[in-house]
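Read the structure below first, then the notes.
Treat the numbers as computed from the prediction; the structure is a model and nothing was measured. The analysis underlying the following values was restricted to heavy atoms, covering all of them including side chains, and did not include hydrogens, waters or symmetry mates.
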Amino acid sequence: MRGENWRFWLPVVLLLLFAGYSAQKLVRAHVDPDVADLDYTFTRDLPGCRGSIYDSFGKSYPLVKSVPIWEYRMDPVALTNRLVRRKGEEPRTRGQIADTIAAALGLDRVKVRKMALDTSKRYQFLAISSDPEAHETLCDSHLVAGLRIEDTQVRQYLHGRLLSHVLGSVNAENTGSAGIELRYNRDLTGVPGKIRGMKDAHGHEIYDRRIETIAPLPGADIYLTVDHNIQYEVESALKWGMEEYGAASGWCIVMNPATGAILAMASRPDFDPIAFGRSSDAAKVNRATNFTYEPGSVMKVITVAGAIDMGLVSPGKKYSTNRNDERYYKLPGDGSHVWEPTMTVGDAVVHSSNIVVGKIGSDMGPKNLWTYMTRFGFGAKTGIELPGEEVGILPPWQKWDKVKWSRAPIGQGVSVTAIQLCSAYQAIANDGLRMKPYIVEKIVDHHGEEVYRHTPTPAGRPIKETTAREMRRIMLGVASPAGTARRAAIRGYSVAGKTGTAQKVVNGHYSDSLFRATFCGMVPAAEPKLVILVTLDFDERRKFHQGGNSSGPVFKRIAIGALRYLMIPPDKPEELTEFDDDDEYDRIMEDRAQKIGNAAQ
């Protein structure tokens, strides 16, 4: 009987011993992170701090930067059986450790003590902090235990929505998802480092048990050509113009005509860079580069410049204003305007005559007109350093039907981007030499060495110097009492520009009530220092929907602010003494325009 009992109990005892041994190992592994005979080492990448983005002021004016932050969580279980003390001192109590944590993070001491005592809840959230002194304290194993610390970084857009479409955004993985952040993601990201250390039974790092740290290399810094002061003027004026005239969207570019550098670029609606993923699709579009549209009458400048350049016409050459001219095929109309029987080429630009410019384009022929348009950069990307740039639509001239012979010259049947249009006007402002538009000045690595610097680059000479100067003289009349943009005139400065009021296409037909209004101008006209393009897009009928009386005033606001800020001297100083202030100047311009209108009736 005894032998049978022994044979029964021996396996039971052995099984119980094995179960007890396994249980205590599991308990130790769960409770004590310092178990030596289990492999709790790990290796992981340590991301480098993402590079910063600056405007033209450089280090003194950061636009975007990354800040290292740490997320702290309390693990009361890890405090169990852990000896925390400084050499020569008594072991620290759980309460003292909790007080140190609370003081470093600026938390309520009683609340942290309560969390430290509650072993039923592990990894309780404490705080997120970017304070390096607090981090140094909380990583000291002679002062603190029971913390789970996660290294990360937060991307800060220091001026909110300002320049949002240019700067872009990063996603949850800190990878660029739009704008400069996307285009230069590789440069900004840098080289990751490595961490080798200890983890607990749940796979969480024991922060003060790191074995080896290979520091990452920070990303490169991007320096833009944008001036934040001009950018602020642009965004403020564009916001005002949309509200004042009821536009659904709008965009603006300010360019240095001598170099092609972008001084400001704005598109509305805009977005909050830290909430890019939650923004509407409409808000995400950079309409200055990623949106194509029929330009309307601003294209007349390109047509007339080409015709003068090839010797076909002169500014004083007269054309018949008869729309039913049998020599031309289906000419566009001029609405309700009643002209004199003839009109000069220069006046056709000032008064924006579809009939006359349609005739000029037809006389050029589709091949010549298309050639000049392509020389000015239409139908091709400008190469601006932003993602998603559109090409526009400019079909080969061989595919043009006869209607397009007179429609393309006035900006119908072709589509462009704002950056293309601004670049074309830059060529006229720069005496016929087109420069490649750019918005990145330089890239500097973490050692402070320049790895890239832009050199202003010619992109071709579409017209001769004499032609460009002649065009600027013609365009002076647009921002005058006799022109279509008298509200763009600036006291003390000459403005050369052109309006465009393009009908939007709705269900395959041109709308009679929906328009995109553009004004593109250069100032001072004799030796331009700024080229400014403004477009307002209307989704419903509005009283002031023309380029001259909606985009023109926005241009004026931007130009006045930029000219004063850049201390560009007036080229018509006599107007500063002739008129007491800008309001008097505007009022007299309106009176003169009214008299001209009455005389023409």
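The distance from the CD atom of Glu385 to the CD1 atom of Ile222 is 10.0 Å, given to the nearest 0.5 Å. If you take CG on Leu566 and CD1 on Ile230, they are separated by 4.5 Å, rounding to the nearest 0.5 Å. Atom CZ of Arg183 is separated from atom CG of Leu188 by 11.0 Å, given to the nearest 0.5 angstrom.
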Can you give the donor-acceptor pairs under 3.5 Å from side chains of residues 518-531 to other protein atoms, not counting sequence neighbours?
residue : atom : partner : partner atom : Å
Thr518  : OG1  : Thr535  : OG1          : 2.9
Lys529  : NZ   : Glu527  : O            : 3.2

Could you pull out every donor-acceptor pair under 3.5 Å between side chains of residues 236-250 and any protein atom, sequence neighbours left out?
residue : atom : partner : partner atom : Å
Ser236  : OG   : Tyr232  : O            : 2.9
Lys239  : NZ   : Glu243  : OE2          : 2.9

Show the numbers, then the answer: is there a salt bridge (charged side-chain N to carboxylate O under 4.0 Å, His left out) between Lys572 and Glu574?
CA-CA 5 Å; Lys572 299 170 69 177; Glu574 68 279 1; 5.7 Å; no
Checking salt bridge (charged side-chain N to carboxylate O under 4.0 Å, His left out) for the pair Asp571/Arg472: CA distance, chi angles, key distance, verdict?
CA-CA 14 Å; Asp571 62 336; Arg472 295 204 301 271; over 6 Å; no
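Counting only N and O atoms by type, the side chains of Asp363 and Tyr319 include a donor and acceptor under 3.5 Å apart. Side-chain contact of Ser352 with Ser297: a donor-acceptor pair under 3.5 Å is present, judged by distance alone. Side chain to side chain, Glu590 and Gln594 fail the donor-acceptor criterion of an N or O pair below 3.5 Å. Side-chain atoms of Thr417 and Lys381 form no donor-acceptor pair, as typed in the model, at a separation below 3.5 Å. Under 3.5 Å, the side chains of Ser423 and Thr382 contain no donor-acceptor pair of N or O atoms.
Under a 3.5 Å cut-off, the side chain of Asp55 and the backbone N or O of Leu224 do not form any donor-acceptor pair. Side chain of Gln412 to main chain of Glu294: no donor-acceptor pair is present (N/O by atom type, distance under 3.5 Å, no hydrogens or angles).
Annotation: Lys464, atom NZ; neighbour count of heavy atoms from other residues, nucleotides and ligands within 6.0 Å is above 12. In the displayed structure, Tyr565 atom OH is contacted under 6.0 Å by more than 12 heavy atoms of other residues, nucleotides or ligands. Within a 6.0 Å sphere centred on CG of Leu576, heavy atoms belonging to other residues, nucleotides or ligands number more than 12. Within a 6.0 Å radius of NZ in Lys318, other residues, nucleotides and ligands contribute 12 heavy atoms or fewer.
Aromatic ring centres of His165 and Trp251: separated by at least 6.0 Å. For Phe538 and His545, the distance between ring centers is not under 6.0 angstrom.
Both tests hold for Lys402 against Trp405: distance to the six-membered ring centre under 6.0 Å, angle to the ring axis within 45°.
The list of salt bridge (charged side-chain N to carboxylate O under 4.0 Å, His left out) pairs with a residue in residues 545-557, not counting sequence neighbours, reads Lys556-Asp586.
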